[in-house]
Amino acid sequence: LRQLESDLFNDSPAPPSDLFTAAAVGPQLEIWESSDPETEVRIAAQAIRELVTSTTAAAPLRYRDIGLIVPNLEGYQDALRRIFTEHNIPHFIDQRRSIAHHPLVELLKSAVAIVTNRWARSDLLLYLKTNLAGVAEADVALVENYLLAHGIDHLEWSKPWLWFAPNQKDEDDVEIPANARDLLDRVNKIRAKVYADIEPWLTHCQQTTNFIAGLQQLLTRLGVEDRINTWIADTRAGALAGDGGGAELAQIHEQARRQIDDLLQMLDGLLKTSPRNLQQFEILLGTALQTLTLGLIPPTVDQVLVSSVTR
């Protein structure tokens, strides 16, 4: 093991010596040679399955009794996830993870982009699809289809939508079918709710450069804290019911919320001493959110722990 450790990061290791003979290392240590990382992972997966399903061992190992250490996770994680899943091996990969696509991150970025990009359709849909804007998924899909069908883009949502068919509006002297009227009523109800939530944030951006306070007020109006607390409770309940990913997902939501709260407080202090305009704030916020990562604690379920030597 000392010899392996000394040559682990050596691009030109010394030739194997007599230390590596079967007689020298005994049955406790095996050395396998493979051509690429994927082959390595397949060999490891087969060995792990043998260890936990062995009928000859007095006490077969549990998955949680096994650790897999690799030189670097970047070069192995794709193969690890795919091959371990193929072999039905529950596993936890111990690495810091970006939260760039967490719903709370995307909500904050899209809220700012709605103002700077003048109600771009893509920003509004991202805002709605975070599941934090208080709009059900079915309603989000309904609004998305309506926007695409009528080419609505870069149009503030303050006024009712009138289009109910291509080139036909409610104000035209045309009788509207009942189903079209119902659809128009539904999308306008959603539009009005979204605008009522966003309008104070728009006004805030026009009146002051204290953008952090405006975003925090938006989060309060949307009930984001309660929503994330519900996610955490639901995922923990799923973990207790046997969902292996539930405990991990609960950690992700908890750490994301805590780190973003800390980040917003830090940016608030920075902006008080060095004010920015909204476009500059958008760049600053996006850069800061991009740097956030999570360090998850391995759950106590029966899983193989996978980590790198440096971790």
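This is a predicted model, so every value here is computed, not measured.
Under the side chain to side chain donor-acceptor pair (under 3.5 Å) criterion, Asp78 pairs with no residue at all, not counting sequence neighbours. Listed by chain and number, the residues in a salt bridge (Lys or Arg N to Asp or Glu O under 4.0 Å) with Arg221 amount to none (sequence neighbours excluded). Under the side chain to side chain donor-acceptor pair (under 3.5 Å) criterion, Tyr76 pairs with Glu40, not counting sequence neighbours. Taking Lys272 as the reference, Asp268 meet the salt bridge (Lys or Arg N to Asp or Glu O under 4.0 Å) condition, with sequence neighbours excluded. Partners of His102 according to the ring pair (Phe, Tyr, Trp, His ring centres under 6.0 Å) rule, which considers only residues two or more places apart in sequence or in another chain, are His253.
Side chains of Thr116 and Glu282: a donor-acceptor N/O pair is present below 3.5 angstrom, by distance only. Judged by distance alone, the side chains of Glu199 and Thr203 do bring a donor and an acceptor atom under 3.5 Å apart.
A continuous path of ILVMFWY side-chain contacts below 4.5 Å connects Leu270 to Ile212, so both sit in one hydrophobic cluster. Cluster annotation: Tyr146 is connected to Leu128 through the hydrophobic network of ILVMFWY side chains, with a link wherever side-chain heavy atoms come within less than 4.5 Å. Under the 4.5 Å side-chain contact rule for hydrophobic residues, Leu278 and Leu124 share a cluster. Side-chain heavy atoms closer than 4.5 Å link hydrophobic residues (I, L, V, M, F, W, Y) into clusters, and following such links, possibly through other members, connects Met266 to Leu104. At a threshold of 4.5 Å between side-chain heavy atoms, the hydrophobic network of Ile, Leu, Val, Met, Phe, Trp and Tyr places Leu126 and Trp119 in two separate groups.
For Phe164 against His150, the heavy-atom pair with the smallest separation is C-CE1, 4.1 Å. Taking both residues in full, the closest heavy atoms of Phe281 and Val112 are given as CE2-CG2, 4.0 Å, listed atom of the first, atom of the second, then distance. Minimum heavy-atom separation, Ala111 to Leu215: CB-CD2, 4.2 Å. Among all heavy-atom pairs drawn from Ala133 and Leu222, the shortest one is O-CD2, 3.8 Å. Of all heavy-atom pairs spanning Leu294 and Ala256, the tightest one is CD2-N, 3.9 Å. Minimum heavy-atom separation, Val304 to Ile89: CG2-CG2, 3.8 Å.
Rounded to the nearest 0.5 Å, atoms CZ (Arg62) and CG (Leu51) are 14.0 Å apart. Atom CD of Glu50 and atom OG1 of Thr53 lie 7.0 Å apart (nearest 0.5 Å). To the nearest 0.5 Å, the span separating CG on Asp123 from CG on Asn117 amounts to 4.5 Å. Between atom CD of residue Gln259 and atom OG1 of residue Thr293 there is a gap of 6.0 Å, rounded to the nearest 0.5 Å. Separating the CZ atom in Phe211 from the CD atom in Gln280 is a distance of 9.0 Å, to the nearest 0.5 Å. With rounding to the nearest 0.5 angstrom, the CG atom of Asp65 is 11.5 Å from the CD1 atom of Ile48.
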Could you walk me through whether Ile283 and Gln279 pass the side-chain contact (heavy atoms from CB on, under 4.5 Å) check?
CA-CA 7 Å; Ile283 296 171; Gln279 287 73 21; 5.8 Å; no
Kindly indicate, with the supporting measurements, whether the criterion side-chain contact (heavy atoms from CB on, under 4.5 Å) is fulfilled by Leu184 and Trp163.
CA-CA 8 Å; Leu184 198 56; Trp163 301 99; 5.8 Å; no
As a quick check of understanding, evaluate salt bridge (charged side-chain N to carboxylate O under 4.0 Å, His left out) for Arg236 and Glu254, giving each step before the final call.
CA-CA 11 Å; Arg236 282 178 174 164; Glu254 285 182 317; 2.3 Å; yes
Is there a salt bridge (charged side-chain N to carboxylate O under 4.0 Å, His left out) between Glu144 and Arg121 once you walk through the steps?
CA-CA 9 Å; Glu144 181 175 15; Arg121 180 172 60 213; over 6 Å; no
Go through it in stages, so that I can follow the logic: the residues are Asp153 and Leu147, the test is side-chain contact (heavy atoms from CB on, under 4.5 Å), and I'd like the CA-CA distance, side-chain angles, deciding distance and then a yes or no.
CA-CA 7 Å; Asp153 194 9; Leu147 296 177; over 6 Å; no
For side chain to side chain donor-acceptor pair (under 3.5 Å), just list the numbers for Arg49 and Asn88, CA-CA rounded to whole Å, side-chain angles, deciding distance to a tenth of an Å, and then say yes or no.
CA-CA 9 Å; Arg49 288 293 296 170; Asn88 296 317; over 6 Å; no
side-chain contact (heavy atoms from CB on, under 4.5 Å) between Arg257 and Asn229, intermediate numbers included:
CA-CA 10 Å; Arg257 180 183 59 187; Asn229 284 338; 2.2 Å; yes
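Two residues are said to be in side-chain contact when any heavy atoms from C-beta on lie closer than 4.5 Å; Asn131 and Val140 fail this criterion. With a 4.5 Å cut-off on side-chain heavy atoms, Ser307 and Ile69 do not count as touching. Contact of the Leu68 side chain with the Leu80 side chain is registered, since non-hydrogen atoms from C-beta on lie closer than 4.5 Å. Under the 4.5 Å side-chain criterion, counting only non-hydrogen atoms from C-beta, Val187 is in contact with Leu142. Residues Ile198 and Val194 have side chains in contact (heavy-atom distance under 4.5 Å, counting atoms from C-beta outward). The shortest side-chain heavy-atom distance between Leu284 and Leu271 falls under the 4.5 Å cut-off. Between Val224 and Leu218, every side-chain heavy-atom pair lies at or beyond the 4.5 Å cut-off. Within the 4.5 Å cutoff, no side-chain heavy atoms of Ser308 are placed close to those of Asn72.
Within the 3.5 Å criterion, the main-chain N or O of Gln303 finds no donor-acceptor partner in the side chain of His91. Of the possible donor and acceptor atoms, none in the side chain of His204 sits under 3.5 Å from a partner among the backbone N and O of Pro200. Side-chain atoms of Asn188 do not come within 3.5 Å of backbone N or O of Pro160 as any donor-acceptor pair. Side chain of Gln217 to main chain of Trp201: no donor-acceptor pair is present (N/O by atom type, distance under 3.5 Å, no hydrogens or angles). A donor-acceptor pair under 3.5 Å is absent between the side-chain atoms of Asp94 and the main chain of Val306, judged by distance alone. Checking side-chain atoms of Thr130 against main-chain N and O of Tyr127 turns up a donor-acceptor pair under 3.5 Å.
Within a 6.0 Å radius of CD in Gln290, other residues, nucleotides and ligands contribute 12 heavy atoms or fewer. No more than 12 heavy-atom neighbours from other residues, nucleotides or ligands sit within 6.0 angstrom of CZ on Arg186. No more than 12 heavy atoms of other residues, nucleotides or ligands lie within 6.0 Å of NE2 in His101, so this atom counts as exposed by the packing criterion.
Applying the salt bridge (charged side-chain N to carboxylate O under 4.0 Å, His left out) test to pairs two or more places apart or on separate chains, those with a residue in residues 79-93 are Glu38-Arg82, Arg42-Glu86.
Trp161 and Trp157 have perpendicular rings, their planes meeting at more than 60° on a 0 to 90° scale where under 30° would count as parallel.
Classification of Asp197 and Lys193 as a salt-bridged pair holds, one side-chain N sitting under 4.0 Å from a carboxylate O.
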